[in-house]
There are 2 protein chains.
Amino acid sequence: MEKLVDEDLPETVDAETRVQGSGDHHAELRLWLRMLTCTNLIESEIRSLLRTRFDVTLPRFDLMAQLERAPDGMTLGDLSRRMMVSAGNVTGLVERLVQDGLVERRPAPGDRRSALVSLTDSGRASFETMAAAHADWVADLFSGLDAGDIDVLMGLLAKAKASARLAAEGAPQVSTQATLPKKDTADG
Amino acid sequence: MEKLVDEDLPETVDAETRVQGSGDHHAELRLWLRMLTCTNLIESEIRSLLRTRFDVTLPRFDLMAQLERAPDGMTLGDLSRRMMVSAGNVTGLVERLVQDGLVERRPAPGDRRSALVSLTDSGRASFETMAAAHADWVADLFSGLDAGDIDVLMGLLAKAKASARLAAEGAPQVSTQATLPKKDTADG
DNA sequence: TGGAGATATTTTAAACTTAAAATAATTCGG
DNA sequence: CCGAATTATTTTAAGTTTAAAATATCTCCA
């Protein structure tokens, strides 16, 4: 399947070319497109199921999933970092979930800038039902993979994640973007 | 890293439970979260680079990438299927790209419902510059993976994709959704 | 202690996105 | 040929998303 990759060629390319070269990036590009397709496919399906079965949007489900693990509440900043979305986005999502009675806000003790967000009883009950179905759907979507496949995928995705983080933070293009939130996410 | 997965347990669960069960879907769930994190991380970085370097949004870049492979143009429906986004979304994106002079529309010969969309000369030139940089960025983000890793990942992602498609189409929840667009995507 | 810089959040404007309904044109069986 | 079903696209309304600017508060060191 990978006839384009020649394991023997890398060292024939001089260092200068490889730093920022017009090298052969075919394999990486194809990998990226496939990853994207795979993720989009699954995400679409989950989004559609959440809507038809529970009349809830994916972002709201995701936010509630974060809160479930934090019985004492999380700040909006925590949510923003964990969900990898902008702070402004979280403000709006929380607002709408509060209106629906699924989530509540209270001032954070000791920091008047900050608010703690947590699930209401209703929100928790609602989330638990959805989460069980969600887990079934995900298991179903991945049912073509055996335990070994999953293990190997987990490992390689961890490696890819580490690589991407290093590249993104290590070579911060233009203005070093030191103020961007650290990516501290849900999967470990 | 995978202490939660027990390779020996699957067959101790009876068939009924596994059909729509409250089984142990931990591994699949963790895989899904990691996939999502990995994809989001890379996508964020690319989005940010496209904006700061070329002042272009990711959806516009993606649309132009589809058009580049179709010198004779594509219909909006083709674009919608390839990009895995709704038809209405494509309408708006094309509209804005036409306004920017990067893309052009013309009536499709032989079908008055349909329009063919293609890159303008300016759009093509612009895209080629961006695509080269994009390929470099992607290669950079994945530079921690060797050729073997990429090979294995490609294979497992193909397997995951096939599994997800089968689950999504084979068990179409509620109302069989026969009218949803076939997912015919860019990566093969 | 004063104030510069950092941090937490909200606001704003524009773009993106979806689902569903509405239009319009095509296809095809009878 | 007719009309029902299908297909291609647009429109609509609501929600999501981002980047950037604006507020408000906190930290900390000189």
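Each chain gets a letter, A, B and so on, in the order the sequences are listed, and its residues count up from 1. Bear in mind that the values here come from a model prediction, so they are computed numbers and not experimental data. Computed from heavy atoms alone, side chains included, the values below leave out hydrogens, waters and symmetry copies.
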Touch class at under 4.0 angstrom, heavy-atom based, for A/Ser114 against every strand present: sugar-phosphate
Length of the line joining B/Leu63:CG and C/dT17:C1', which is rounded to integer Å: 14 Å
Out of C/dT26, D/dC26, D/dT9, whichever nucleotide has its closest atom nearest the side chain of B/Asp111: C/dT26
Single-linkage hydrophobic cluster, 4.5 Å side-chain cutoff, A/Leu116 and A/Met74 together: no
side-chain N/O B/Thr57 vs D/dT18 OP1/OP2, d < 4.0 Å: no
Sugar-phosphate only, base, or nothing, as touched by B/Gly77 at under 4.0 Å among non-hydrogen atoms: sugar-phosphate
Interatomic distance where CG belongs to A/Asn89 and P belongs to C/dA13 [whole Å]: 18 Å
hbond_proxy B/Arg113 side chain to D/dT9 base (donor-acceptor, 3.5 Å cutoff): no
Spacing between B/Asp55 atom CG and D/dT18 atom C1', to the nearest angstrom: 13 Å
Separation of D/dA14 P from A/Gln99 CD (nearest whole Å): 13 Å
Per A/Arg96 side chain, nearest of listed nucleotides C/dA19, C/dT11, D/dG15: D/dG15
Distance, nearest 0.5 Å, that separates CG of B/Asn40 from CE of A/Met84: 4.0 Å
Pairwise 5' ranking along DNA chain D for A/Arg112 and A/Arg47, keeping only the more 5' one: A/Arg47
Touch class at under 4.0 angstrom, heavy-atom based, for A/Ala108 against every strand present: nothing
Touch class at under 4.0 angstrom, heavy-atom based, for B/Thr91 against every strand present: base
Between P of D/dG15 and CG of A/Leu97, the distance in whole Å: 11 Å
Nucleotide nearest B/Pro59 (side chain, heavy atoms from C-beta), chosen from C/dT17, C/dT9, D/dT18: C/dT17
B/Leu79 CG to C/dC16 C1', straight-line distance once rounded to whole Å: 16 Å
From A/Thr57, A/Asn89, A/Leu97, A/Leu58, residue fulfilling side chain to side chain contact (heavy atoms under 4.5 Å, CB included) relative to A/Leu63: A/Leu97
Which residue lies more 5' along DNA chain D, comparing A/Leu58 with A/Gly110 via nearest heavy atoms: A/Leu58
Member of B/Val152, B/Leu153, B/Asp151 meeting the side chain to side chain contact (heavy atoms under 4.5 Å, CB included) criterion with B/Leu145: B/Leu153
Integer-rounded Å distance: D/dT12 P and B/Glu95 CD: 12 Å
Nearest-angstrom distance from the residue atom CE of B/Met64 to P of C/dC16: 13 Å
Residue pair B/Leu119 / B/Leu102, side-chain heavy-atom distance below 4.5 Å: no
From D/dT9, C/dC16, D/dT18, nucleotide with atom closest to B/Thr75 side chain: D/dT9
